[in-house]
There are 2 protein chains.
Amino acid sequence: MAGIEEVAKLAGVSTATVSRALSGRGHVSPGSKAKVIEAATQLGYVVSSNASSLASGRTRNIGVVIPFLNRWFFSSVLEGAQQALLRKGYDLTLYNLSGDGNERVSVFEHFLLRQRVDAVIAVSLELTEREVTRLHDLGKPLVGVGGPIPGVRTLTIDDVAVARLATEHLIGLGHTRIAHIGGQLEFDLDFHLPTNRRLGYEAALLDAGIEVDPRLFAPADFTIKGGYHAAKQLLGVPRDRPTAIFAASDEMAIGSILAARDLGLVVPRDVSIIGIDDHDLADFFGLTTVAQFPRLQGEKAVEILMEQLEPDADAAAPAATPLPYELIVRSSTARPAPVD
Amino acid sequence: MAGIEEVAKLAGVSTATVSRALSGRGHVSPGSKAKVIEAATQLGYVVSSNASSLASGRTRNIGVVIPFLNRWFFSSVLEGAQQALLRKGYDLTLYNLSGDGNERVSVFEHFLLRQRVDAVIAVSLELTEREVTRLHDLGKPLVGVGGPIPGVRTLTIDDVAVARLATEHLIGLGHTRIAHIGGQLEFDLDFHLPTNRRLGYEAALLDAGIEVDPRLFAPADFTIKGGYHAAKQLLGVPRDRPTAIFAASDEMAIGSILAARDLGLVVPRDVSIIGIDDHDLADFFGLTTVAQFPRLQGEKAVEILMEQLEPDADAAAPAATPLPYELIVRSSTARPAPVD
DNA sequence: ATGAAAGCGCTAACAG
DNA sequence: CTGTTAGCGCTTTCAT
């Protein structure tokens, strides 16, 4: 492992110049820079990140705290963040807080504070005030994705508007008996999206002069299986069956499609189904949905952090761009069958 | 941020003793140790990992190189590794090599060599000899999961045996026209599992005196969609339809189940279907499968690294435990319908 | 069992 | 634009 000193010697300059030439901070004459780079590549020199971090206080490493790895939304956010960071020359250290609160304390107290990271991205985790304060006091930027953190810049789609759009799509097709599969209450703890989506659904209904019928709501756990069972309840009633279902996630919507099939119903002839996400499987199932773009959310979180970590850059993204979402109409929604 | 010196002062000992007491290496009297711990917690002291790494040469950080994040097998391995590492007090730095080879070079040359990690876990990536050599030269232990790396300790289930078990399950039920949905050739590049699974399938057939019929093989890309299309091909033939399908992954098996349904076939009455994985969705679809346990594989990879990084520990796992797999019979397989 | 002190390899003033 | 030099905060010999 060649060190900076050898590079300096080979290039015929001082170690300071090597450091400057390689890191890009401070001015170096083109000539020296070329010689340094030449020497560095020749020796296969790579900075020791520890020495560099210790001396500079910067780690070029971002911590990502995330509750699940095996769900579409989360792995997509992670992927987006990872790629954006890689491009910027940053590493990503992963803290998967799937387990109990114990794990969580340990991560905060012992890991994040170890000076391992320059900043933190918290995905769908409601941090406590104490946790936020700790990070702020350390001067570590923090950005949230997919969940509201008081006092912290957070990226979330407008869940109310998205749910409203989905519901209005069904209303526009002529549906009036529209069921909703939403989140269970527990899910509201860390991110309030179930409630917000339900609110958007109800608002759309009311605006259209349709009464909200509590019997048309079924809770589920955001999985295919959960959506399947919820939809069976909703669609299994002998009379006044809903003609459409708005599920708060694509996985639950897909479960609903499978449930409808098992009940002998044809989608969309007998029942229209719409979700939220634009999950990988949505296309395969012909699911109409409102796309959110989690990869983009991950990338954007990185951008925001970069603005704070490296303010020099040409002041890119305007601070408060709303996150995009988009109705994608496939074959799971249609006009309701005419009443005989 | 209290430093080690303040802790030493408060505890009335030297910084060296603090270091020893907190890290556990070297002997410290119980009395001093208690005082140090007391002082450290009181001050909220946390070591600076950079300073520690720089001085000791150890980072307590493991790099995980992985090609996908959004697939069940990979996210499960990652989850297992993450949890095991967390328990050991290690961090996990993630390198997602989804993109082109360019990214890959960059990761190796600039990231892994920066002294950021003590060891590397490579998931389903066939590293080049050069890459392996680089890491070895740096004294960084390396373990592979799910793919063969020449000259490196690798954890993989015995794909041939697993495929054979799945096929024998079908044969045992009385099937003789057994189709196979396997991987496309491209997938064989980085991990040879498609070929190995096909080999196991053919071996089981031959052992049972059943001829291997190349028309009963269809390639796919390990997704539900891919399995769906492959199965349609296989099951759509007008005569001599296979009575069973062995898919090389659960996702393809699930696609097959959906294809069968769309063709008006009842599973398992008209066609039996078996997969490999025990994917999250397998239970929901009643899929018979051979479970592999990717979380466990991730954990095991960590164990192996720990043995090398911290040889002191009570010599745990015997080196060459084979990875477990297990036939899980659900409702997608049954005796073939009697020939009329 | 403990303390003193010499670095680990680099960066950032500072001076020139 | 470039070199000199003092640390960054800890770990680890080496004594004691």
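The figures here come from the full heavy-atom set of this structure, side chains too, leaving out hydrogens, waters and symmetry mates. Every chain is numbered from 1, with letters handed out A, B, ... down the list of sequences.
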## Note on the structure
Judged by nearest nucleotide, the residue sitting upstream toward the 5' end of DNA chain D, Thr15(B) or Ser56(A), is Ser56(A)

Verify, without hydrogens or angle tests, whether [X] (side chain) and [Y] (backbone) share a donor-acceptor contact under 3.5 angstrom.
X        : Y        : result
Thr41(B) : Ile37(B) : yes
Thr17(B) : Val13(B) : no
Ser19(B) : Thr15(B) : no

Within the pair [X] and [N], is there a side-chain N or O less than 4.0 Å away from OP1 or OP2?
X        : N       : value
Thr17(B) : dG3(C)  : yes
Arg58(B) : dC10(D) : no
Ser14(A) : dT4(D)  : no

### Task
Select base, sugar-phosphate, or nothing to describe what Ser32(B) touches, counting heavy atoms under 4.0 Å on all strands.
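Touches sugar-phosphate only.
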
### Query
Contact class for Val18(B) vs. all strands (heavy atom < 4.0 Å): base, sugar-phosphate, or nothing?
nothing

### Message
Can you confirm whether Gln308(B) is buried at CD, in the sense that more than 12 heavy atoms of other residues, nucleotides or ligands lie under 6.0 Å from that atom?
### Response
yes

Interatomic distance, [X] [atom1] vs [N] [atom2] [rounded to whole Å]:
X         : N       : atom1 : atom2 : answer
Tyr45(A)  : dT11(C) : OH    : P     : 6 Å
Arg25(B)  : dT12(D) : CZ    : P     : 6 Å
Gln115(B) : dG9(C)  : CD    : P     : 8 Å
Lys33(A)  : dT2(D)  : NZ    : C1'   : 15 Å
Asn50(B)  : dT11(D) : CG    : C1'   : 14 Å
Leu54(B)  : dT11(C) : CG    : P     : 11 Å
Glu5(B)   : dC10(D) : CD    : P     : 9 Å
Ile4(B)   : dT12(D) : CD1   : P     : 11 Å

### Task
Let me see the working for Glu310(A) and Arg60(A) under salt bridge (charged side-chain N to carboxylate O under 4.0 Å, His left out), right down to the final yes or no.
CA-CA 11 Å; Glu310(A) 301 176 355; Arg60(A) 294 188 79 77; 3.5 Å; yes

### Task
On DNA chain C, check which nucleotide each of Gly57(A) and Ala51(A) is closest to and give me the residue with the more 5' one.
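Residue closer to the 5' terminus by nearest nucleotide: Ala51(A).
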
### Task
Take Ala55(B) and Ser19(A), find for each the nucleotide of DNA chain C with the closest heavy atom, and name the residue whose nucleotide sits nearer the 5' end.
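Looking at the nearest nucleotide for each, Ala55(B) comes out on the 5' side.
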
Taking the minimum atom-to-atom distance to the side chain of [X], which one of [options] wins?
X        : options                  : value
Ser48(A) : dT2(C), dG9(C), dT12(D)  : dG9(C)
Arg20(A) : dG3(C), dT5(D), dA13(C)  : dA13(C)
Ser52(B) : dT11(D), dT2(C), dC10(C) : dT11(D)

